[in-house]
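Just the heavy atoms: all of them, side chains too, but no hydrogens, waters or symmetry mates, feed the values below. Per chain, numbering begins at 1; letters A, B, ... match sequence-line order.
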2 protein chains.
Amino acid sequence: MSPEQLDPQVLALAQSFRTTLRHAVYLSRSMDSDGDITAMQMSTLSMAADAPLRVSRVAANLGIRVPSATEQIIKLEQAGLVSRQPDPTDSRAVLVELTEQGRAAWEDASRRRNARVAALLDRLDDGERATLAAALPIIQKINHTL
Amino acid sequence: MSPEQLDPQVLALAQSFRTTLRHAVYLSRSMDSDGDITAMQMSTLSMAADAPLRVSRVAANLGIRVPSATEQIIKLEQAGLVSRQPDPTDSRAVLVELTEQGRAAWEDASRRRNARVAALLDRLDDGERATLAAALPIIQKINHTL
DNA sequence: GCTCATAGTTAGGAAGCCTAACATTCTGAG
DNA sequence: CTCAGAATGTTAGGCTTCCTAACTATGAGC
């Protein structure tokens with residue numbers, strides 16, 4: 001909490017990082033806006049693709065409150081993409097899992113979006129792609145320390 | 001538009017990029033949610049900090065429609081942070097510029113947010129920071145090719 | 001068994017974004 | 001010079017997403 005102790009170089013990087021990420025929000029929005037599945041729904045589906053998970057975990061992973069997660073999950077359920085099952089180990093909890101249709105929709109949407117982003121990345125040279133590949137885990141690491 | 005031609009390695013990078021960016025949205029949101037100025041307002045203020053600009057340019061830079069930009073700008077105006085002046089070269093257009101109070105608020109908010117992000121980046125080692133610094137311009141470049 | 005914490009849902013409201021319709025100003029073709 | 005169409009914003013109305021507060025139902029500890 002003492003700004004004087006911060007390395008100016010780190011501060012400059014922080015500024016650049018913040019700005020880049022702010023713009024990347026719009027990049028991400030446009031990358032993930034395709035068809036009828038929203039970015040948030042994509043996130044939820046990809047979480048559930050690994051294994052069924054609780055509503056509260058969906059909320060935590062999305063950085064939203066539980067009621068908001070419930071709302072989104074209900075929409076996914078009405079669209080037939082996920083099902084809500086009571087957790088056998090805790091009857092208070094609800095497990096969100098992909099339906100067959102949900103898995104198909106998720107895989108399809110992923111494929112199309114990946115192809116579009118790959119087309120963007122294709123314009124970079126090998127060095128740039130290598131740098132980007134090296135930086136992504138670091139950004140994820142920062143994300144986890146949140 | 002022919003997915004078969006895409007390098008699998010580039011596709012994998014695209015997937016990772018997309019996922020990282022999607023999570024970074026929430027990171028950015030938490031980094032930029034501080035006090036009373038929202039992330040979008042910060043973006044608008046930082047644009048106007050360089051030079052007065054039109055409503056349509058604000059909208060374009062934020063990736064939103066003109067009416068939505070108008071709405072945000074009116075809020076900033078009501079908060080006393082920007083003023084709306086008719087463009088002397090085109091009376092249809094409106095120039096958004098920072099007020100003194102707006103500039104002070106922006107500088108203050110920037111300082112605090114940069115300090116908080118710098119504290120996160122401080123936990124990385126020098127190599128990680130170097131990689132991150134190298135990657136940021138590349139992400140910006142991708143952003144511009146949008 | 002009572003009490004308190006935990007998991008989700010429901011209800012109601014705030015904020016942000018959108019499209020459609022409109023007023024005003026500019027531009028250029030005749 | 002005039003008038004039709006383009007460009008710039010604003011207003012109006014609606015949709016979506018998120019929030020907090022209040023509630024139900026289940027689990028856990030004394």
Side-chain angles (χ1 to χ4, degrees), chain A residues 22-23 25-45 47-48 52-79 81-97, chain B residues 22-23 25-45 47-48 52-79 81-97:
Chain A
R22 208 168 48 211
H23 291 143
V25 168
Y26 302 109
L27 174 61
S28 173
R29 187 175 298 168
S30 95
M31 284 188 329
D32 267 343
S33 77
D34 174 45
D36 27 311
I37 298 183
T38 69
M40 250 229 19
Q41 292 177 327
M42 271 304 275
S43 298
T44 305
L45 291 180
M47 281 185 261
L53 77 173
R54 293 182 171 188
V55 172
S56 51
R57 276 206 66 76
V58 172
N61 288 345
L62 290 177
I64 61 179
R65 303 293 169 185
V66 170
S68 308
T70 295
E71 192 177 352
Q72 296 301 328
I73 290 166
I74 287 176
K75 281 187 187 163
L76 285 171
E77 189 181 33
Q78 288 170 345
L81 302 182
V82 305
S83 71
R84 289 193 292 173
Q85 307 290 341
D87 185 335
T89 74
D90 184 341
S91 340
R92 292 172 304 176
V94 168
L95 288 180
V96 178
E97 53 184 334
Chain B
R22 207 169 47 210
H23 290 143
V25 168
Y26 303 109
L27 175 61
S28 174
R29 186 177 297 169
S30 97
M31 283 189 330
D32 268 343
S33 77
D34 175 45
D36 26 310
I37 299 181
T38 68
M40 252 229 16
Q41 293 178 327
M42 270 305 275
S43 297
T44 305
L45 291 179
M47 280 185 262
L53 75 173
R54 294 181 171 190
V55 172
S56 51
R57 277 207 67 74
V58 171
N61 287 345
L62 290 177
I64 60 180
R65 303 293 170 183
V66 171
S68 308
T70 296
E71 191 177 352
Q72 296 301 326
I73 290 165
I74 287 177
K75 280 186 190 166
L76 285 171
E77 190 181 31
Q78 289 171 342
L81 301 182
V82 306
S83 72
R84 288 193 291 174
Q85 308 289 341
D87 185 335
T89 74
D90 186 340
S91 338
R92 291 172 303 178
V94 168
L95 290 181
V96 178
E97 54 184 333

Between CD1 of Ile74(B) and P of dG16(C) the distance, given in whole Å, is 13 Å
Between CZ of Arg54(B) and P of dT8(D) the distance, given in whole Å, is 6 Å
Q: State, yes or no, whether a side-chain contact exists between Val58(A) and Gln72(A) at a heavy-atom distance under 4.5 Å.
A: no
### Query
Contact class for Arg57(B) (heavy atom, under 4.0 Å): base, sugar-phosphate, or nothing?
nothing
OP1, OP2 of dT9(C) versus side-chain N and O of Thr70(A): anything below 4.0 Å? yes
Exercise for review: Under 4.0 Å between any heavy atoms, over every strand shown, what does Ser68(A) touch: base, sugar-phosphate, or nothing? Just pick one.
Suggested key: base
When rounded to whole Å, the CD to P distance for the pair Gln78(B) and dT10(D) reads 12 Å
Is Val94(B) touching bases, backbone alone, or none of the nucleic acid, heavy atoms closer than 4.0 Å?
sugar-phosphate
#### Entry: Side-chain N or O of Arg84(A) closer than 4.0 Å to phosphate OP1/OP2 of dT9(C)
yes
- request: Answer with base, sugar-phosphate or nothing: what part of the nucleic acid does Val66(A) contact at a heavy-atom distance below 4.0 Å?
  value: base
So CG of Asn61(B) and OG of Ser43(B): to nearest 0.5 Å the spacing works out to 9.5 Å
Rounded to whole Å, CG of Leu95(B) lies from P of dT8(D) at a distance of 12 Å
Taken to the nearest whole Å, CZ/Arg65(B) to C1'/dA15(C) is 19 Å
Between the protein and nucleotides 15-17 of chain D, list every N/O to N/O distance that falls short of 3.5 Å.
residue : atom : partner  : partner atom : Å
dT17(D) : OP2  : Lys75(A) : NZ           : 2.4

- Query: Under a 4.5 Å cut-off applied to non-hydrogen side-chain atoms, are Thr38(B) and Met40(B) in contact?
  - Reply: yes
One should read off an interatomic distance between Arg65(B) CZ and Glu71(B) CD, to the nearest 0.5 angstrom, of 15.0 Å
Correct closest heavy-atom pair for Ile37(A) and Gln41(A) would be CA-OE1, 3.5 Å
Taking N or O atoms only and anything under 3.5 Å, show me the protein contacts with nucleotides 23-26 of chain C, one pair per line.
residue : atom : partner  : partner atom : Å
dC26(C) : OP1  : Ser91(B) : N            : 3.0
dC26(C) : OP1  : Ser91(B) : OG           : 2.7

| request: Compare all side-chain heavy atoms of Ile73(A) with those of Val94(A) and state whether any distance is below 4.5 angstrom. | output: no
Between CD1 of Ile73(B) and P of dA15(C) the distance, given in whole Å, is 18 Å
Closest to the side chain of Pro67(A), out of dT20(D), dG9(D), dG8(C), is dT20(D)
